[in-house]
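Structure first, then comments.
Just so we're on the same page: letters track the sequence lines, and every chain starts at 1.
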Amino acid sequence: MDERYEPAAIERAAQGFWNQHRSFEAAEDPKRDKFYCLSMFPYPSGRLHMGHVRNYTIGDVLSRFARMQGRNVLQPMGWDAFGLPAENAAMQNGVAPAKWTRDNIAYMKKQLQALGFAIDWRREIATCDPAYYRWNQWLFLRMREAGIAYKKTGVVNWDPVDQTVLANEQVIEGRGWRTGALVEKREIPMYYLNITKYADELLGDLDGLGGWPERVKVMQANWIGRSEGAEVGFPYGDDVRALLGADGALKVFTTRADTLFGVTFMAIAAEHPVALAAGARDPQLQAFIDECRRGSTMEADVATMEKKGRRTGLHVRHPFTGEPVEVWVANYVLMGYGEGAVMGVPAHDERDFAFATQNGIPIRMVVRSASGAYDEVVAPWIEAYGEHGVTVNSGEFSGLGYREAVDAIAKALEARGLGRKRIQFRLRDWGISRQRYWGCPIPLVHCEACGEVPVPDSQLPVVLPEDLVPDGSGNPLAKSAAFRDCACPACGKPARRETDTMDTFVDSSWYFLRYACADNGGAMVDERVKYWLPVDQYIGGIEHAILHLLYSRFWTKVMRDLKLVGVGEPFANLLTQGMVLNHIYWQQPAEGRRLYFNPNDVDVEEGDGGKRYVATRDDGTRLEVVYDGLGTMSKSKNNGVDPQGLVEKYGADTARLFMMFTAPPEQSLEWSDEGVQGSFRFIRRLWKAVHDHVAAGPAPRLDVAALTPPQRALRRAVHQTLAKVTDDIGRRRTFNTAIAAVMELLNAIGRSEDGSPQGRAVAHEAFEVVTVALSPIVPHVCHVLWQALGHSTALVDERWPSPDPAALAQDSVTMVVQVNGKLRGQVSVPVDAGEEAIRAAALAEESVQRFVGGATPRKIVIVPRKLVNVVV
RNA sequence: GCCCCGGUGGCGGAAUCGGUAGACGCAACGGACUUAAAAUCCGUUGACCGUGAGGUCGUGCCGGUUCGAGUCCGGCCCGGGGCACCA
């Protein structure tokens, strides 16, 4: 064994061993308990970032731990390879997205391998491979047959200069990112997946997901947003009837049917048919409608923008009183959500209150406060106005509580054919059409004679041409004759191929199934999926808590209903890892954009007026910069740390140890160069300790009966540490405290300095436990240390040991003594001491006597083996 | 704006079920070793009072429950994630 710790050589040796012995190739074996450990696959952006290292280290620790516990472990890896960044890179560099993506995959795969992850690379998949995405297409056609995939119009961001659809990310302050043109909303036909059909089940099944963080389940439940309420029809007034040339009713959904008699206006979306008809004869209203249709499609923008409205001059009639209610167009009502219309009850809804006050609309109180918080509704708004109470001024429905009022009103509405009770979800159907090149083609053909024709299964996949280079002006597929022009599968006449591609969330909604059978060219899934699913542990960023995880759950349920898989939930346990943060520094030049400086190039100087931050530029000149706090590592803020440099300088084990030690996995993690060095030093200290122990010659056999008290104490610490690490990794998933416990143990071994034969035997056992306990986290160095400790077997194939109960036993415990809840002393009592004995020992303690004085304790609280509190 | 999470020494964090606040690590300071530096090793380090023994205060802010609150409850402040075409 070398005296010096040389990570490069050690890691080469360990990885060579695992590769040669195919240690991580997983085979289905029904007799063995399987453990499917899945980390969210990366987008191949070019290089690994620290978030990836953190994510995959967590997965690897759990995989290696489960493997040592005897489970049959599958840990696969692949590439979420379609998406916008490839098109952006193509526009910047003129490289085809396919080549850019595949080069990135090759590079990042090498980086992953250098980190020593226990991955079965035979199962690698990339979503841009036709062998993968053909099954997107195949299942899309099955969903279309089942009515789950259907067509309707949807709203997109439209750049009028580039004549192209923009992603939300490409809209900067209401303008196209390349052209600076004001973005417009535009309605186009799109394909949708009927996820709302599964809303009830997606919500209800959350209860069965015991291995999911509570906060993720709450977020999903709120996203699905089940609300019980009533649908109410407001019959058209004569003016609306005349305008539309038809009879009917304006439908709304409300959770507050009890306030129906407080309706003083109706608000409809700018895209609502009534609004469009009204706009056609009123140029000023049309101008307002046009204004509403500019601007953002994002909910956050809609929610924070100034609430504006304009009267249409049209009326609907109250369903009970028949009174006319004026209809307004409002920018805060969205056509895509609910009915595109809401009833306005200013007295009992904060937003309606603001709208009414601003526009001079009357406010009619119809609920009396149950708590007496108000007698009349007057400005300013107070929260109590929105609370449930007892109805007033509501005709025959007055004097009812919330539930009775809603029930009675809904019943009466139903009798008149103007409404009913209904359950509404906030969740909307999933629009999957994208007018973009680098994605999975939607397998449809448009024929003048036959209409929309699905591509027959025998002709799948519809292969995406890989030689196109987007230029920012629309989808290149639409301009490629070779792709676009085809024969109609039904009649054979010339036809046009669909040029929309699928949302990349489709690709990631089922990749975890494909790992089980990646080599099957004849079917999407097979028997092996039944063996591996569900995923036993899923690990990924908290930013995916809603969309990706909800879509995957939905997709799995659809496949279950199509009899393709046996499970209805894909992920049994979920760990949501926090983000990796670093400091942000910038400087604002006289003209142009902020310049961001990498924290590596910034020195912190302590001056009279506090701290100064000085950056050193490439040309060696220095410049004072602004410190802007911590933020996620990103290219735009120039605060990323390249894992490659870290691995080259310190080795993969140090990178892994730092990631696991610095913060618990669910919390955000702050980058620290000093912390990395500390992790490196710890490994080196471990290496040196084992080296010195081994260099002193073989340790004798451990004779438990012959140990001195200090030796017994050290051995107890060894087995306590083992128990703690097992619990921390296996149950609590707090790797940082597991590592801290091992550090403490290593410190204790160092302090013992016991060169006697049994002292060395205890130390030997201790080093073995340290090596095993750390091996999931720093597997390379432990692989080599295990051999140095005299083993001919490979550590990766060892079983995780159990603590020796005999070693854990102790005959006395130290209990803390408090007087009136304040710590005053400690007493040592036998483990089996009774309450009386503990009480006596506590009262006899010197400082307790001092604080109790002559007083008689009023109460003595005893927490077994921990604490005594004397209350006087 | 709405939903979710977090806030503990100079810093990252620990305290697992309401029971010793600050484990472990970093940084800093002092010392040993060295011609010197690096590396390594030893020691100190929440604040305040005290020579000391010891005491008082202390987990974003205000209030509450409890023998006992970082932990539970109510109200705020600040930071982060998500909001449906970034992945």
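Look at B:G52: its glycosidic torsion is beyond 90° from 0, and that puts it in the anti range. Look at B:C17: its glycosidic torsion is within 90° of 0, and that puts it in the syn range.
Checked against B:C24, B:C67, B:A87, the side chain of A:A740 finds its nearest nucleotide in B:C24. Proximity note for A:T304 (side chain, C-beta onward) versus B:C67, B:A27, B:G1: the nearest is B:G1. For A:E670, the side-chain atoms get nearest to B:G12 when compared with the rest of B:A87, B:G12, B:A84. Taking only side-chain atoms of A:R681, from C-beta outward, the nucleotide of B:C86, B:A27, B:G12 with the closest atom is B:A27. Comparing B:G12, B:A87, B:A14 against the side chain of A:E543 picks out B:A87 as the nearest. Listed candidates were B:A15, B:A87, B:G82. Nearest to the side chain of A:P85 is B:A87. For A:A167, whose side chain is taken as the heavy atoms from C-beta onward, the closest listed nucleotide among B:C86, B:A15, B:A84 is B:C86. Comparing B:A87, B:A84, B:G25 by their closest approach to the side chain of A:L84 singles out B:A87. Checking B:G13, B:C67, B:A87 against every side-chain atom of A:K859, the shortest atom distance belongs to B:C67. Checking B:C83, B:A27, B:G68 against every side-chain atom of A:N869, the shortest atom distance belongs to B:G68.
In this structure, A:F682 and A:L657 have side chains that are in contact, with non-hydrogen atoms separated by less than 4.5 Å. Residues A:F505 and A:L550 are not in side-chain contact: their nearest non-hydrogen atoms beyond the backbone lie 4.5 Å or more apart. Looking only at side-chain heavy atoms (C-beta outward), A:N157 and A:K185 stay at 4.5 Å or farther from each other. Between A:I58 and A:L575 there is a side-chain heavy-atom pair separated by less than 4.5 Å.
Here the separation of B:C26 from B:A32, taken at their C1' atoms, is 22 Å to the nearest Å. For B:G55 and B:G60, the C1' atoms lie 27 Å apart once the distance is rounded to whole Å. Here the separation of B:C4 from B:A14, taken at their C1' atoms, is 25 Å to the nearest Å. Rounded to the nearest Å, the gap between the C1' atom of B:U59 and that of B:C72 is 15 Å. Taking atom C1' in both B:G25 and B:U45, one finds a spacing of 15 Å when rounded to whole Å. For the P atoms, the distance from B:A47 to B:A23 is 13 Å, rounded to whole Å. Taking atom P on both nucleotides, B:C57 is separated from B:G68 by 14 Å, rounded to a whole Å. Rounded to whole Å, the separation between the C1' atoms of B:C86 and B:G18 comes to 44 Å.
Note on A:P664: only backbone sugar-phosphate atoms sit closer than 4.0 angstrom, heavy atoms only; bases stay farther off. Residue contacts shown for A:M40 are absent, as no nucleic acid heavy atom lies under 4.0 Å away. Residue contacts for A:V816: at a heavy-atom cut-off of 4.0 Å it reaches a base atom on one of the strands shown. Within the nucleic acid shown, A:A300 comes within 4.0 Å of at least one base atom, counting heavy atoms only. When heavy atoms are screened at a 4.0 angstrom cut-off, A:R351 is found touching no nucleic acid atom at all. Nucleic acid contact class of A:Y43 (heavy atoms, under 4.0 Å, all strands): sugar-phosphate only. In this structure, A:R733 reaches neither bases nor backbone, as no heavy-atom distance under 4.0 Å exists between it and the strands shown. Within the nucleic acid shown, A:N747 comes within 4.0 Å of sugar-phosphate atoms alone, with no base atom in reach, counting heavy atoms only. Using a 4.0 Å heavy-atom distance criterion, A:H544 is classed as a base contact. A:W430 comes within 4.0 angstrom of nothing in the nucleic acid, heavy atoms only. Using a 4.0 Å heavy-atom criterion, one finds that A:K724 contacts the bases of the nucleic acid, with or without backbone contacts as well. Within 4.0 Å of A:V302, counting heavy atoms only, lies no atom of the nucleic acid at all. Within the nucleic acid shown, A:Q818 comes within 4.0 Å of at least one base atom, counting heavy atoms only. Contacts of A:F851 with the nucleic acid, taken as non-hydrogen atoms under 4.0 Å apart, involve only primed sugar atoms and P, OP1 or OP2.
Taking 4.0 angstrom as the limit, A:K866 places none of its side-chain polar atoms (N or O) nearer than this to OP1 or OP2 of B:G68. Between A:T737 and B:A14, a side-chain N or O to OP1/OP2 separation shorter than 4.0 Å is absent. Note on A:R685: every side-chain N or O is 4.0 Å or more away from OP1 and OP2 of B:A39. Contact annotation: A:Q667 does not reach the phosphate of B:G6 (side-chain N/O to OP1 or OP2, under 4.0 Å). The side chain of A:R850 contributes no N or O atom lying less than 4.0 Å from OP1 or OP2 of B:A53. OP1 or OP2 of B:G55 has at least one side-chain nitrogen or oxygen of A:R824 nearer than 4.0 Å. Taking side-chain N and O atoms only, A:R4 has no distance below 4.0 Å to OP1 or OP2 of B:A39.
Pair assignment for B:G52: none, as no Watson-Crick or G-U wobble contacts are both less than 3.5 Å. Shown here, B:U34 forms no base pair; nothing in the strands shown gives a Watson-Crick or G-U wobble contact with both key distances under 3.5 Å. Base pairing of B:G6 is made with B:C78, judged by Watson-Crick or G-U wobble geometry with both donor-acceptor distances under 3.5 Å. Applying the Watson-Crick and G-U wobble criteria (two distances, each under 3.5 Å), B:G58 pairs with nothing in any strand. In a base pair of the Watson-Crick type (N1 to N3 plus N6-O4 or O6-N4) or a G-U wobble (N1-O2 and O6-N3), with each distance short of 3.5 Å, B:G19 is matched with B:C67. The partner of B:U44 is B:A28, judged by Watson-Crick or G-U wobble contacts that both fall below 3.5 Å.
Put simply, CZ on A:R732 is 12 Å from C1' on B:C17, counting in whole angstrom units. One can place CD of A:E299 at 14 Å from P of B:C4, the figure rounded to the nearest angstrom. Atom pair A:L547:CG and B:C86:P shows a separation of 10 Å (rounding to whole Å applied). Nucleotide B:C2 holds its P atom 10 Å from the NZ atom of A:K307, rounded to whole Å.
With rounding to the nearest 0.5 angstrom, the CG atom of A:L427 is 14.0 Å from the NZ atom of A:K197.
Relative to the ring axis of A:F355, A:K307 does not place its NZ or CZ within 45° and under 6.0 Å from the centre. In this structure, A:R824 forms a cation-pi arrangement with A:F851, its terminal cationic atom sitting closer than 6.0 Å to the ring centre and no more than 45° off the ring axis.
Between the base of B:U56 and the side chain of A:K822 there is no donor-acceptor pair shorter than 3.5 Å.
Each of A:L427 and A:T734 lies near RNA chain B, and the nucleotide nearest A:T734 is the one positioned closer to the 5' end. Between A:F661 and A:N820, the one whose closest nucleotide on RNA chain B sits nearer the 5' end is A:F661.
Test A:T504, A:T501, A:D503 against A:R434 for side-chain hydrogen bond (donor to acceptor under 3.5 Å, both in side chains) and you get one pass: A:D503. When each of A:D159, A:T164, A:D162 is paired with A:T179, the side-chain hydrogen bond (donor to acceptor under 3.5 Å, both in side chains) condition holds for A:D159 and for no other.
Side chain of A:Y551 to backbone of A:I195: no donor-acceptor contact under 3.5 angstrom is found.
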